[in-house]
2 protein chains.
Amino acid sequence: MSDLEQILENNNVKPTAMRLLVLQYLLNKKVTVSLVNIEAHFHNSDRTTLYRTLKTFVENGVAHQIDDGTGSTKYAICEENCNCDVDTDLHLHFHCANCNETVCLTAHKIPHINLPEGFKAENVNLVVKGICDKCNGQ
Amino acid sequence: MSDLEQILENNNVKPTAMRLLVLQYLLNKKVTVSLVNIEAHFHNSDRTTLYRTLKTFVENGVAHQIDDGTGSTKYAICEENCNCDVDTDLHLHFHCANCNETVCLTAHKIPHINLPEGFKAENVNLVVKGICDKCNGQ
DNA sequence: ATATAGGATGCAATGGAAGTGCATTTACTG
DNA sequence: CAGTAAATGCACTTCCATTGCATCCTATAT
């Protein structure tokens, strides 16, 4: 069994050909990808299948779903041992206004946030917009 | 000149009847509102006009535009003396999964965020999702 | 008061992305 | 090999954001 298959098996996702391809694509990407990105890459495959593949990944902890405020949902593979916990696993995302790409800054965990009395946090989304290192260097 | 008119004048927005009504509506709201909310309230007015009214407000610093991840953009009146500065004015938003409303926690400024070398922040969006105080109390 | 110009408004249409229903195919089980 | 459940593919729908264009209103100059 390949590494890719193992990842899916570990998360109770049946390793179909399509899913393995999408997983590999995601793993090779340094930045987050949108459904449209994936669609463009697998131009011979159906949009709905890709959509549901991603949905399955997210539901089973294979991938993160990221709302970077651009209007199109982004996806990225979860780090190893990630259990998407609010207090320990949430990192911030950076959206570059120049190259239009969103990267996971996995080393930058979201600081603890104090909420007023009565509020209970279940999830936190922190997106910083600006210019990324690559675009700044040019 | 009324207070409402004064607010618009101060931000170089011509105070038309429609704009004054929308401004008053926003001022009376404790929570953020979407275009659909406003449309429902001003059912005799055109969607596009309301859309452009909000756009004008945002562009001229009368209102904030909030992306709470629900897919529909929210709006709220800027605090007094707000200049939407990244370092001093950005507060966090809380989206309640139960009542589906988004509130501005203006007292909770976004903590300073350290970025890796080469990254330059221009804007920060921090949305916490969970259960709000009202829904918790029930 | 009237002409004029520029902005505001209203209507219609477009576009992008997410999501759903259903038929068909695939793959695993006995 | 038969049967079943999941996965896939196609068509369609819905929701929200956005734009083009015609019309209306208002402020200003003459």
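Naming: A, B, ... by sequence-line order, numbering from 1 per chain.
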[X] has an atom [atom1]; how far is it from atom [atom2] of [N], in whole Å?
X	N	atom1	atom2	result
B:Asp46	D:dC24	CG	P	15 Å
A:Leu35	C:dA18	CG	P	6 Å
A:Leu21	D:dT8	CG	P	10 Å
A:Asn37	C:dG16	CG	P	15 Å
A:Glu39	D:dT8	CD	P	16 Å
A:Lys74	C:dA17	NZ	P	9 Å
A:Asn12	D:dA5	CG	C1'	17 Å
B:Asp68	D:dC16	CG	P	12 Å

Sequence neighbours left out, what pairs pass salt bridge (Lys or Arg N to Asp or Glu O under 4.0 Å) with at least one residue falling in residues 42-62 of chain B?
->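 Salt bridge (Lys or Arg N to Asp or Glu O under 4.0 Å) check on residues 42-62 of chain B returns B:Glu39-B:Arg47.
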
Verify the contact: side-chain N or O of [X] to OP1 or OP2 of [N], cut-off strictly under 4.0 Å; return yes or no.
X	N	answer
B:Thr16	C:dT9	yes
A:Ser45	D:dG9	yes
A:Thr49	D:dA7	no
A:Thr73	C:dA18	yes

Residues clustering with A:Leu21 (ILVMFWY side chains joined when closer than 4.5 Å, directly or via others) |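 Hydrophobic cluster check, A:Leu21: joined to A:Leu4, A:Ile7, A:Leu8, A:Val13, A:Met18, A:Leu20, A:Val22, A:Leu23, A:Tyr25, A:Leu26, A:Leu27, A:Val33, A:Leu35, A:Ile38, A:Phe42, A:Leu50, A:Tyr51, A:Leu54, A:Phe57, A:Val58, A:Val62, A:Tyr75, A:Ile77.
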
For residues [X] and [Y], determine if any side-chain heavy atom of one lies less than 4.5 Å from a side-chain heavy atom of the other.
X	Y	result
A:His64	A:His93	no
B:Asn98	B:Cys132	no
B:Leu92	A:Leu115	yes

A:Cys96 side, atom SG; A:Asp68 side, atom CG - distance, nearest 0.5 Å |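 Rounded to the nearest 0.5 Å, the SG-CG separation comes to 11.5 Å.
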
Nucleotide-resolved protein contact map, nucleotides 19-30 of chain C, B/S/- at heavy-atom distance under 4.0 Å | BBB---------

Closest to the A:Val36 side chain, choosing from D:dC10, C:dA17, C:dA18 =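 Nearest listed nucleotide: C:dA17.
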
So, A:His43 versus A:His41: side-chain donor-acceptor pair below 3.5 Å or not?
->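 There is no such pair between these side chains.
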
